[in-house]
Amino acid sequence: MRLVAPVAALVAAAAALTMAAPAQAAAPTVKISRIWYDSPGSPDFGANSSLNGEYVQIKNTGRSAVKLSGWTVRDETARADHVYTFGDVTLKAGKTVTLRTGRGRDTATTLYWGRSGGTLAYIWNQVKDTGYLRDARGRLVHKCSYNSSRTAYKDC
């Protein structure tokens, strides 16, 4: 009878270990939520209105504001001019900021990459590309890929 209690305790401990959920990486609280890669009317000659028709949205799904200063967004291209670095931007909890490719005046909800100069000014390829969001230390926070000519955007 003395062995029953220790054996029962061991069986219960083993069952708890077996039933425990595996550890998973936490989902990022700041992520790419949409890439609109096929701007209305494109391809054209890179008019500012068309450049601003393509954009990437970054959303903070967390409960706290996040300072994006020094964070970057880029596509698959290895060119330095395809990297956008956030300035003094704080993304409040539950909010989204839209980063448009062309030129414009930054606001709390819309930022501008500042690109111009014709068809080579576009960032997002019209069929297949990947957007990368990295923190100020260069660590990958989130990425979003698309491969479709059937739609103009990808929700991530």
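Position 1 is the first residue of the sequence, and the numbers go up from there.
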Student: Can you sort out the partners of A93 under side-chain contact (heavy atoms from CB on, under 4.5 Å), two or more places apart, ordered by chain and number?
Tutor: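 Partners of A93 under the side-chain contact (heavy atoms from CB on, under 4.5 Å) test: none.
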
Student: Let's go through H82 and R115 carefully: what are the C-alpha distance in whole Å and the side-chain angles of both, what is the deciding distance for side chain to side chain contact (heavy atoms under 4.5 Å, CB included) to 0.1 Å, and is it a yes or a no?
Tutor: CA-CA 10 Å; H82 276 237; R115 295 182 56 85; 3.8 Å; yes

Student: Could you name each residue pair satisfying side chain to side chain donor-acceptor pair (under 3.5 Å) that touches residues 147-156, not counting sequence neighbours?
Tutor: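 Residue pairs passing side chain to side chain donor-acceptor pair (under 3.5 Å), neighbours aside: R34-D155, Y37-T151.
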
Student: Of all the heavy-atom pairs spanning S39 and Y122, show the shortest one and how long it is.
Tutor: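 Minimum heavy-atom separation between S39 and Y122: OG-CE2, 3.9 Å.
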
Student: Of the non-hydrogen atoms in R100 and Y55, which two are nearest, and what is the gap between them?
Tutor: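 Taking R100 first and Y55 second, the nearest heavy atoms are NH1-CD2, 3.4 Å.
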
Student: Heavy-atom count around K128 NZ within 6.0 Å, excluding the residue itself: above 12?
Tutor: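 No, the 6.0 Å shell around NZ holds no more than 12 heavy atoms from other groups.
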
Student: Looking at R103, is its backbone amide N or carbonyl O close enough to the side chain of N52 to form a donor-acceptor pair, meaning the two atoms are under 3.5 Å apart?
Tutor: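 Yes; at least one donor-acceptor contact below 3.5 Å.
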
Student: Determine the minimum heavy-atom distance between T130 and W124, stating which atoms define it.
Tutor: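 Taking every non-hydrogen atom into account, O-CZ3, 3.8 Å.
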
Student: Give, for atom OH of Y112 and atom CG of L99, the distance between the pair rounded to the nearest 0.5 Å.
Tutor: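 So the gap between those two atoms works out to 10.0 Å.
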
Student: First locate atom CG of N125, then atom CD of E54, and finally report the distance between them rounded to the nearest 0.5 Å.
Tutor: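 That separation rounds to 9.0 Å.
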
Student: Members other than Y132 in its cluster, when Ile, Leu, Val, Met, Phe, Trp, Tyr link by side-chain heavy atoms under 4.5 Å?
Tutor: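 Reading the cluster by chain and number, Y132 sits alongside L140.
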
Student: Would you compute the distance between atom CG of D129 and atom CD1 of I35 and round it to the nearest 0.5 angstrom?
Tutor: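 One finds 7.0 Å between CG of D129 and CD1 of I35.
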
Student: Would you please name every residue forming a ring-ring contact (aromatic ring centres under 6.0 Å, His included) with W113, sequence neighbours left out?
Tutor: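 Partners of W113 under the ring-ring contact (aromatic ring centres under 6.0 Å, His included) test: Y84.
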
Student: Rounded at 0.5 Å granularity, tell me how far CZ in R74 sits from NZ in K143.
Tutor: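 R74 atom CZ to K143 atom NZ measures 13.5 Å (nearest 0.5 Å).
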
Student: Donor-acceptor pairs under 3.5 Å, side chain of residues 57-66 to any protein atom, not counting sequence neighbours: which ones?
Tutor:
| unit_1 | atom_1 | unit_2 | atom_2 | d |
| --- | --- | --- | --- | --- |
| Q57 | NE2 | T98 | OG1 | 3.1 |
| N60 | OD1 | G62 | N | 2.8 |
| N60 | ND2 | S64 | O | 2.8 |
| N60 | ND2 | L91 | O | 3.0 |
| N60 | ND2 | K92 | O | 3.4 |
| T61 | OG1 | T29 | O | 3.0 |

Student: List the atom of Q126, the atom of D38, and the distance in Å for their closest heavy-atom pair.
Tutor: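 The pair with the smallest heavy-atom distance is NE2-OD1, 3.2 Å.
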
Student: So, are R137 and D135 salt-bridged, with charged N and O less than 4.0 Å apart?
Tutor: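 No, this pair does not count.
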
Student: Would the distance check show the side chain of T119 and the main-chain N or O of G46 forming a donor-acceptor pair, the cut-off being under 3.5 Å?
Tutor: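 No: the side chain of T119 does not pair with the backbone of G46.
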
Student: Between V89 and V30, is there a shared hydrophobic cluster once you connect ILVMFWY residues whose side-chain heavy atoms come closer than 4.5 Å?
Tutor: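 Yes, V89 connects to V30 through the hydrophobic network.
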
Student: Output yes when a side-chain donor or acceptor of T107 lies under 3.5 Å from a complementary backbone atom of T109, and no otherwise.
Tutor: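 Judged by distance alone, yes, a pair lies under 3.5 Å.
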
Student: On a heavy-atom basis, which atom in H142 and which in I32 lie closest, and how many Å separate them?
Tutor: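 Here H142 and I32 meet closest at ND1-N, 3.0 Å.
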
Student: Do any pairs count as a disulfide bond (SG atoms under 2.5 Å apart) and have a residue in residues 127-156, sequence neighbours left out, and if so which ones?
Tutor: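 As it turns out, the disulfide bond (SG atoms under 2.5 Å apart) pairs with a partner in residues 127-156, which skip direct neighbours, are C144-C156.
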
Student: Using every non-hydrogen atom in the two residues, find where T72 and F86 come nearest and quote the distance to one decimal.
Tutor: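 Minimum heavy-atom separation between T72 and F86: N-CD1, 4.3 Å.
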
Student: Rounded to the nearest 0.5 Å, how far does CG of D106 lie from CG of L111?
Tutor: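 Spacing of CG (L111) from CG (D106) equals 4.5 Å.
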
